[in-house]
Each structure stands twice: as structure tokens, then as C-alpha cells.
Amino acid sequence: MFGVIRGQNNPRRESVMREFPYVKLIEGDLTDPTSMVRAVEATQPDELYNLAAISHVGYSFKNPFLTGAVTGNGVLNVLEAVRVAGLAEKTKIYQASTSEMFGGLDYNRPGAGYNEDSLFHPRSPYGVAKLYAHWIAKNYRESYGMFISCGILFNHEGERRGVEFVTRKITHAVARIKLGLQDTIELGDLWPKRDWGYAGDYVRGMWLMMQHHQPDDFVLASGETHSIEEFLTLAFAEIGIDDWRPYVVQNPEFMRPAEVDILLGDPTKAERELGWRREVDFPGLVSRMVAHDLSLISVDANV
Ligand code: G4F
């Protein structure tokens with residue numbers, strides 16, 4: 001198994017090598033087409049999972065050109081690398097598409113979640129770049145007959161989530177508050193709703209897409225939507241606090257020029273055709289993330 005790692009002296013290299021000693025790391029950069037060709041030529045992959053991207057929506061507003069180059073055009077570099085290396089018939093490709101390609105509610109199907117046929121209306125440079133990647137992946141599937149599947153994943157959270165994303169930012173802060181290491185948490189808007197699921201369930205869904213008899217697009221989602229306020233309520237309840245309001249400070253720095261108010265997905269197709277089912281529900285997700293951060297921070301802080 002191979003993984004591509006970017007940049008000189010990447011700080012994540014050591015932890016990846018420690019946690020996944022069976023993964024051989026090779027160097028490459030999505031924005032450098034020749035490095036992508038070298039990577040696929042050297043590894044001759046049966047399955048290639050492209051999860052690489054600038055993936056923080058707020059950051060993409062501040063760095064729109066870079067986001068377009070990496071998250072959008074970078075995908076074309078991967079697809080071309082596979083073709084140039086003569087692997088178009090051998091290598092199956094998974095492209096990480098996203099619910100951020102949708103813009104809020106599906107007004108064509110009021111009350112129902114987004115599915116594979118819903119209209120796209122991205123509301124950030126990240127969403128727009130991902131939509132380009134989605135369509136170029138579909139175009140290569142249709143033009144060259146390549147096995148390329150796009151997983152349209154709704155928010156996938158868990159213990160490995162970076163603290164720059166709202167769920168982990170909350171669970172990390174809640175654990176620190178419980179351990180007396182922090183008093184408050186600064187957040188942006190609290191009313192947006194997301195369809196939050198457990199990343200482990202979604203990775204299983206990605207693998208199932210690659211074992212399917214034909215390439216296709218699939219939505220993976222929980223089919224429920226919850227606000228950030230609901231996430232806060234459950235997370236603080238895990239440490240015995242009923243009212244989170246005294247602990248939360250709103251800071252405009254974390255608000256976005258355009259916000260996706262509500263995301264709700266409909267995973268019916270993945271359930272029917274792949275036999276995919278999520279195993280972790282919303283309260284279970286919050287609970288395991290808080291428990292993880294409590295034990296992680298206790299060990300680090302030696303408390
Ligand atoms: O945690 P978030 O940054 O995730 P977001 O924007 O929904 O995107 C994530 O999920 C997508 C899948 O649907 C992925 F494609 C994408 O790469 C990423 O993994 O923000 C969630 C919500 C937003 O409404 C945001 O405005 O939380 C709100 N929020 C409020 N305060 C905050 C904060 N978000 C962050 N990151 N930090 C805050 O302090």
C-alpha cells in the first residue's frame with residue numbers, strides 16, 4: 001500500500017509512518033503533473049483514492065487561487081497521470097466529491113435530502129473547485145471508459161478530524177474545559193445544520209464503491225441534519241454541563257462570506273446498490289469524539 005506525501009519536511013510524515021508502518025510513502029504534489037505521473041508509474045495501483053485537497057471551506061475564501069489549483073485542477077493532473085502511464089484500463093479511481101457542491105436545501109425536492117440527481121450550487125471557492133473535479137472525473141469516465149467513482153460525502157467526522165473543523169474544535173475544547181485547561185471556546189455561526197456521520201463508516205462506503213461492478217456516483221450521508229448548537233448540547237452533556245452558553249464566545253473571524261445554511265443527504269442509492277449502512281449515529285459520534293479527546297488530553301497534560 002502506498003501513500004503520497006507532499007512537501008519538504010512534512011510534519012505529518014513521522015506520525016503517518018508511526019501509525020501506518022505498512023504504508024510506503026512516496027513524494028508528490030497534486031499541482032505538479034510530472035510528480036503524479038512518477039507516482040502512478042512507480043506504484044501501478046489497482047485502486048487509487050484521491051482524497052487530497054485543500055479541504056477547509058473558510059480557508060478557501062482566503063486562498064481561492066490555490067484552492068482552484070489543488071482541489072480542482074490537481075484532480076485533472078491525477079487523471080492524466082493515470083492515462084499517460086498507460087493505466088487507464090487497470091487503475092480504478094475514487095474521487096472525493098463533497099456535499100459542499102450543493103448549496104443548502106434541495107428546493108426541487110422540499111423536505112428530502114440531496115441525492116445523486118440534485119442540482120449543484122456551490123457557495124465557496126472550495127465547493128466550486130470540487131465541482132470542477134467532480135465533472136472532470138465524470139468526463140474522463142465517459143470519454144475514456146475509465147473506472148472512476150465519485151463519492152459525494154456529507155460531513156465525515158471522528159477522532160482524526162483536524163481541530164480547525166467545528167466538531168473536533170468543540171470536542172477538543174470541551175475536554176480541555178473539563179480538565180481545567182481552558183475556560184471558553186470561540187466559534188462562528190451556530191445555526192448552520194450539517195448531516196454529520198462517522199468517518200470510519202464513510203471509508204467503508206468508499207471501498208464498497210471501488211468493489212462495485214461499475215463506476216458510478218454515490219451519496220454517503222446519515223440522512224439526519226443537526227445544528228452546531230445541537231452538537232454543543234451533546235458534547236457539553238458528556239462532561240455533565242447542561243448549558244453550554246456561558247462557555248461559548250462568538251467571533252466573526254470564524255464566520256464565512258457565504259454560508260451553507262443546511263445540508264441533508266439521502267444515501268438511498270448507496271444503501272440499495274452497495275449494501276452500505278452507517279453504524280455510528282449522531283449521539284454516538286459526539287460521545288466517542290469527546291471520550292477520545294478526554295483521554296488524549298489527559299495523557300498529554302499528565303492530569
Ligand atoms: O466543520 P466545518 O469547517 O465543515 P464544513 O464547512 O461543513 O466542511 C467539511 O465538510 C464538507 C463535507 O460536507 C467537506 F467537503 C469539507 O472539506 C469539510 O470537511 O464547518 C461546519 C459548520 C459551518 O457552517 C461553519 O460556518 O460550522 C460552522 N462553524 C461555526 N464556527 C465553524 C466554526 N466552522 C469552523 N471550521 N470553525 C468554527 O469556529
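Indexing begins at 1, ligand by ligand and atom by atom, following the structure's order. By convention here, the first residue in the shown sequence is residue 1. These numbers come from a predicted model, not from an experiment.
- Between Tyr202 and Trp276, the ring center distance clears the sub-6.0 Å criterion.
- Two rings, from His56 and Phe165, have their centers less than 6.0 Å apart.
- Taking the ring axis of Phe254 as reference, the NZ or CZ atom of Lys169 stays within 45° of it and closer than 6.0 Å to the ring centre.
- Between Arg161, Gln250, Lys130, it is Arg161 that holds the heavy atom closest to atom 9 (C) of ligand 1.
- Of the heavy atoms in Met255, none comes closer than 4.0 Å to ligand 1.
- There is no side-chain donor-acceptor pair under 3.5 Å between Tyr49 and Gln95.
- Neither the backbone nor the side chain of Leu190 has any atom closer than 4.0 Å to an atom of ligand 1 (non-hydrogen atoms only).
- The heavy atom nearest to atom 18 (C) of ligand 1, considering only Ser55, Ala173, Ala53, is found in Ser55.
- Around the CZ atom of Arg204, the shell of radius 6.0 Å holds more than 12 heavy atoms that belong to other residues, nucleotides or ligands.
- Under a 4.0 Å criterion applied to the non-hydrogen atoms of Phe254, ligand 1 contributes the atoms 38 (C), 39 (O).
- Across all their heavy atoms, Gly127 and Met101 have their closest contact at O-CG, 4.2 Å.
- Nearest to atom 30 (C) of ligand 1 by heavy atom, out of Asp189, Ile262, Thr167, Val57, is Asp189.
- The protein heavy-atom contact nearest to atom 10 (O) of ligand 1 is Asn155 ND2, 3.2 Å.
- Near Ser99, the atoms of ligand 1 lying under 4.0 angstrom from a non-hydrogen atom of the residue are 12 (C), 13 (O).
- Salt bridge annotation for Lys193-Asp261: absent, with no cationic side-chain nitrogen under 4.0 angstrom from a carboxylate oxygen.
- Using a cut-off of 4.0 Å between Lys/Arg side-chain N and Asp/Glu carboxylate O, Arg83 and Glu89 are scored as not salt-bridged.
- Taking each of Glu164, Glu259, Lys169 in turn, the one with a heavy atom nearest to atom 35 (C) of ligand 1 proves to be Glu164.
- Remark: the Thr171 side chain and the Asp293 side chain contain an N/O donor-acceptor pair separated by less than 3.5 Å.
- If you number the atoms of ligand 1 from 1 as listed, the ones under 4.0 Å from a heavy atom of Tyr126 come out as 14 (C), 15 (F), 16 (C), 17 (O).
- Within the listing of ligand 1, atoms 36 (N) sit less than 4.0 angstrom from a heavy atom of His56.
- Of all the atoms in ligand 1, the ones that sit under 4.0 Å from a non-hydrogen atom of Pro192 are 24 (O).
- Asp195 and Ser222 are linked by a side-chain donor-acceptor pair at a separation below 3.5 angstrom, with hydrogens and angles left out of the test.
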Practice task
Please step through salt bridge (charged side-chain N to carboxylate O under 4.0 Å, His left out) for the pair Lys138 and Asp217, ending with a clear verdict.
Solution key: CA-CA 9 Å; Lys138 284 169 77 93; Asp217 303 328; 2.5 Å; yes
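- The single protein non-hydrogen atom nearest to atom 23 (C) of ligand 1 is Arg194 NH2, 3.5 Å, given as residue, atom name and distance.
- Counting only heavy atoms of the protein, atom 1 (O) of ligand 1 lies nearest to Val166 N, 2.9 Å.
- Near Gly188, the atoms of ligand 1 lying under 4.0 angstrom from a non-hydrogen atom of the residue are 30 (C), 31 (N), 33 (C), 39 (O).
- The protein atom (non-hydrogen) at minimum distance from atom 27 (O) of ligand 1 is Ile228 CD1, 3.1 Å.
- The closest heavy-atom contact to atom 2 (P) of ligand 1, among the options Glu157, Arg256, Arg168, comes from Arg256.
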